[in-house]
Amino acid sequence: MNTWFNKAIYDNAERLYYEAIDAGKLEREIGKSTCTVPVITATKKSKKRRAMAENQQQQQNKLLYLNPLTLEANFFLETLEDVNRQSQLQLDPHLTHLLERIVVGIETFLDKKPTYIVPKAAQQVSQEHPNTTADAGGLTFVPPNELLKIKRTFNCTACTHRIVGTTICKAVAHLAEQHPNPNPHSTQNGNVNEQRPMTTKQEKKRAEVEARTKLNVNLPKKVKALALDDMSDMIRDKYQIADKLKVMPQYDKIEEDLCKLIAPAFANDPVRIYKFGSRITGIGTRSSDLDVFIDIGNSFHLFEHRAGKNTIAKLRVLRGLFVDSNDWRIINVIEQARVPIIKTCHLSSGIECDICLNSLGFCNTTLLKYIFETQPLAQYMCIFLKTWLERCKLTEQISTYSMALMVIYYLQIRQLLPSIALLQQGESMSAKQFVGPWITNFQQKSLNELGMQQIEVTVPVLKEYLKDFLKFYATFNYERNMVCPYFGKKHTLISRIEDMPKRYVDYANQNPECALQLRKPMVVQDPIQLNHNVTKAVTKYALQKLIDYCEQTASLLYSGV
């Protein structure tokens with residue numbers, strides 16, 4: 001601290017900050033410091049301008065600027081002290097080495113005499129009086145009492161930056177339970193130099209992955225409650241809500257307002273609205289978005305692995321229309337996604353909508369609606385598992401649609417649903433509908449016609465199938481096999497991708513960069529867009545968590561407690 005206070009000019013703000021918090025303590029530390037506050041003076045002799053500058057200087061002195069570097073350092077020291085007080089965790093010697101490097105880096109930075117940051121008022125004075133000594137930073141001063149209003153969150157990098165709480169107590173508890181030894185390679189005597197360094201980045205990354213896979217992943221309390229509680233009320237309530245969300249009068253108003261907004265901007269092109277997603281399939285919740293595909297200029301059958309320039313241009317036109325409209329509020333525009341979307345809110349209904357220009361989502365919804373109506377067990381399982389995914393905090397990597405495909409594949413293995421390949425064969429499929437190379441329609445046969453049984457859904461029956469489903473995916477061989485609803489057979493080897501239909505093989509040969517991504521920890525193939533692995537974002541650690549959570553939840557359901 002003494003080193004900091006010897007720097008008279010650009011550390012004075014920090015000194016004032018600490019004096020405001022604990023004047024007595026810091027006065028003893030600072031002693032008779034001769035630091036002075038930088039003064040802004042006018043070069044012209046005009047009394048009016050001099051008075052204005054003095055007034056602005058007085059306003060400046062009333063506010064204390066808190067350097068972001070000081071703020072972070074203060075937070076860090078408080079956190080470290082709290083950890084030491086509340087736990088018996090041993091400080092990692094590797095961490096102490098890194099802290100030493102950080103402190104040296106800060107001192108080096110301060111020795112370079114960085115430009116002092118002044119408030120916005122000083123910036124204006126500096127512009128009016130170029131000969132003043134203040135530099136224009138244009139930032140607002142932060143009074144010390146505002147510190148208490150700043151909300152801190154603690155993230156765990158070992159858990160893929162999962163937020164573990166907003167208090168140090170929760171963070172310490174998480175470390176003690178999940179990561180009792182943060183650096184297993186550290187030596188007992190704490191000498192960092194005796195550790196064996198990683199020779200390459202690949203080895204370091206591999207070691208991190210191995211360390212994560214060895215962690216004991218405990219099932220969250222909310223998931224335990226979901227498995228142990230009587231699920232009859234939960235399933236009934238969620239099913240009733242999901243069923244009502246399939247058809248709502250507000251959807252007609254949304255469609256009407258969309259057409260009224262978009263049609264004038266594309267006067268020479270026909271505009272059609274298609275609703276899809278979890279609300280339409282029957283597994284949505286009140287917080288679910290309404291997905292909307294807008295067909296502008298008969299683009300339904302156009303396929304783009306990634307959106308082209310024309311599609312992005314249309315999306316930007318739509319964005320401008322939503323921004324200027326009084327009926328809609330823009331939430332976000334995501335252009336870089338595989339399927340770019342506009343997230344917006346329909347103000348009169350309060351329903352948030354995801355607007356896209358890709359028709360395959362609508363085609364997938366048509367397939368799911370058929371599956372859920374044909375075998376209602378699939379719908380009930382998806383309703384439960386959607387809540388299960390949310391409580392497991394896996395929704396960022398495993399979507400509701402991905403879980404629905406896993407349910408369909410499981411029921412195909414149990415001979416309770418037909419394969420999609422079977423539904424897309426036969427004489428009645430002579431008039432096939434394509435989106436690019438992909439067949440999007442299918443025969444909507446009943447289970448009786450297919451020689452399969454429709455399961456009467458009761459809570460005990462649902463519970464038994466959920467147990468078996470979770471056990472199935474807890475023991476699934478993800479390295480060798482892929483989840484493939486298209487074939488719907490038990491062992492679909494990743495190595496036998498050439499067995500896919502000719503339309504996929506031809507497309508993959510012509511567009512090798514757009515082939516199905518097989519070198520991923522988890523492969524769940526879209527049954528219509530055959531080159532799409534819907535779980536390509538799942539990491540090895542997330543897959544391990546999924547497996548552990550499946551196994552632990554299945555055990556709780558089997559216990560029958």
Side-chain angles (χ1 to χ4, degrees), residues 209 213 303 305 338-339 360-361 363-364 367-368 371 378 381-382 385 389 394-425 436-440 442 468-509 511-551 554:
V209 171
T213 56
F303 171 71
H305 183 69
R338 186 183 63 86
V339 178
L360 284 172
C363 300
N364 293 335
L367 175 63
L368 291 186
I371 294 293
M381 290 179 69
C382 286
L385 291 167
L389 266 182
L394 290 170
T395 52
E396 290 186 4
Q397 298 194 43
I398 302 175
S399 65
T400 303
Y401 178 63
S402 302
M403 184 58 70
L405 294 183
M406 293 170 70
V407 169
I408 291 172
Y409 180 69
Y410 162 77
L411 292 177
Q412 289 171 334
I413 299 300
R414 297 293 181 262
Q415 302 299 313
L416 295 174
L417 280 175
S419 69
I420 310 306
L422 178 63
L423 296 177
Q424 290 184 337
Q425 295 173 356
W438 317 121
I439 301 174
T440 59
F442 52 89
D468 195 44
F469 169 88
L470 294 168
K471 201 67 178 177
F472 176 77
Y473 283 108
T475 57
F476 190 83
N477 191 336
Y478 294 93
E479 291 186 5
R480 296 190 61 210
N481 301 322
M482 62 179 172
V483 177
C484 180
Y486 179 76
F487 285 133
K489 59 183 181 182
K490 189 170 185 179
H491 298 293
T492 305
L493 297 176
I494 293 175
S495 59
R496 296 296 301 274
I497 189 65
E498 66 274 6
D499 292 342
M500 283 290 157
K502 188 175 184 299
R503 60 181 177 276
Y504 168 78
V505 176
D506 291 345
Y507 178 80
N509 289 336
N511 307 274
E513 73 283 358
C514 302
L516 181 66
Q517 297 187 38
L518 299 172
R519 300 184 66 179
K520 297 290 182 179
M522 184 178 186
V523 181
V524 178
Q525 184 186 36
D526 190 297
I528 292 179
Q529 185 185 343
L530 298 178
N531 73 324
H532 184 205
N533 175 10
V534 299
T535 55
K536 61 182 181 295
V538 176
T539 63
K540 286 185 177 180
Y541 181 60
L543 175 59
Q544 187 61 49
K545 284 180 67 175
L546 174 68
I547 293 171
D548 290 343
Y549 287 167
C550 283
E551 184 175 4

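A quick note: this is a predicted structure, and the numbers were derived from the prediction, not measured. Hydrogens, waters and symmetry mates are skipped; everything else that's a heavy atom, side chains included, is used.
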Revision key, fill the gap. For Asp506 and Lys502 the tightest heavy-atom approach is OD2-NZ, 2.6 Å

Review point. Which value, rounded to the nearest 0.5 Å, describes the distance between Asn511 atom CG and His305 atom NE2?
Key: 9.0 Å

Review point. Is any side-chain heavy atom of Tyr410 closer than 4.5 Å to a side-chain heavy atom of Asp468?
Key: yes

Check your understanding: Quick one: does Leu516's side chain get under 4.5 Å of Leu530's, heavy atoms only?
Key -> no

Practice item. Examine distances only and state if a side-chain atom of Tyr478 and a backbone atom of Tyr473 form a donor-acceptor pair shorter than 3.5 Å. Key: yes

Point to revise | Smallest separation among heavy atoms of Phe469 and Met403, with atom names | key: CZ-SD, 3.6 Å

Study note, to complete from the structure: Taken in chain and number order and not counting sequence neighbours, the residues that satisfy side chain to side chain donor-acceptor pair (under 3.5 Å) with Asn481 are none

Review point. Does Leu385 reach the side chain of Leu470, with side-chain heavy atoms less than 4.5 Å apart?
Key: yes

Exercise for review: Mark yes or no: Lys545 above the aromatic ring of Tyr549, with NZ or CZ under 6.0 Å from the six-membered ring centre and no more than 45 degrees from the axis.
Suggested key: no

Check your understanding: About how many Å separate CZ of Arg519 and CG of Asn533, when rounded to the nearest 0.5 Å?
Key -> 14.0 Å

Check your understanding: Looking at side-chain heavy atoms only, is the closest gap between Leu368 and Ile408 below 4.5 Å?
Key -> yes

Check your understanding: Would you call Cys484 and Met500 a side-chain contact if the rule is heavy atoms closer than 4.5 Å?
Key -> yes

Check your understanding: Hey, does Tyr486 have a side-chain heavy atom less than 4.5 Å from the side chain of Tyr504?
Key -> no

Exercise for review: Look at the aromatic rings of Phe303 and Tyr507 and report parallel, tilted or perpendicular, splitting at 30° and 60°.
Suggested key: perpendicular

Check your understanding: Could you state the interatomic distance from NZ (Lys490) to OH (Tyr409), rounded to the nearest 0.5 Å?
Key -> 9.0 Å

Exercise for review: For Ala404 and Cys382, work out which heavy atoms get closest and say how close.
Suggested key: CA-SG, 3.7 Å

Check your understanding: Do other residues, nucleotides or ligands put more than 12 heavy atoms under 6.0 Å from the CD atom of Glu479?
Key -> no

Exercise for review: List the atom of Asn364, the atom of Tyr401, and the distance in Å for their closest heavy-atom pair.
Suggested key: CG-OH, 3.1 Å

Review point. Roughly how far, to the nearest 0.5 Å, is CG of Leu411 from CE of Met406?
Key: 12.0 Å

Study note, to complete from the structure: Taken to the nearest 0.5 Å, the spacing of Ile439 CD1 from Gln424 CD works out to 5.0 Å

Point to revise | Chi angles and distances behind the side-chain contact (heavy atoms from CB on, under 4.5 Å) call for Ile528, Phe442 | key: CA-CA 10 Å; Ile528 292 179; Phe442 52 89; 5.5 Å; no

**Study point:** Short side-chain to backbone donor-acceptor contact, Ser402 and Thr535, under 3.5 Å
**Key:** no

Review point. With a 4.5 Å heavy-atom cut-off, do Thr492 and Gln525 have their side chains touching?
Key: no

Check your understanding: Ignoring hydrogens and geometry, is there a side-chain-to-backbone donor-acceptor pair from Asp526 to Leu405 under 3.5 Å?
Key -> no

Review point. Which atom pair, heavy atoms only, marks the closest approach of Leu389 to Ser399?
Key: CD1-O, 4.0 Å

Check your understanding: Looking at side-chain heavy atoms only, is the closest gap between Ile497 and Met482 below 4.5 Å?
Key -> yes

Revision key, fill the gap. Residues at least two apart in sequence or cross-chain that pass side chain to side chain donor-acceptor pair (under 3.5 Å) with Arg496, listed by chain then number, are Glu498, Asp499

Check your understanding: Has the side chain of Thr440 got a donor or acceptor atom that lies under 3.5 Å from a matching backbone atom of Cys363?
Key -> no

Review point. What are the two closest non-hydrogen atoms of Ile413 and Lys489, and how far apart are they?
Key: CD1-C, 3.2 Å

Practice item. Please identify each residue that fulfils side-chain contact (heavy atoms from CB on, under 4.5 Å) with Arg338, with sequence neighbours left out. Key: Arg306, Gln529, His532, Lys536

Review point. Just how far is it from atom CZ of Phe472 to atom SG of Cys550, taken to the nearest 0.5 Å?
Key: 11.0 Å

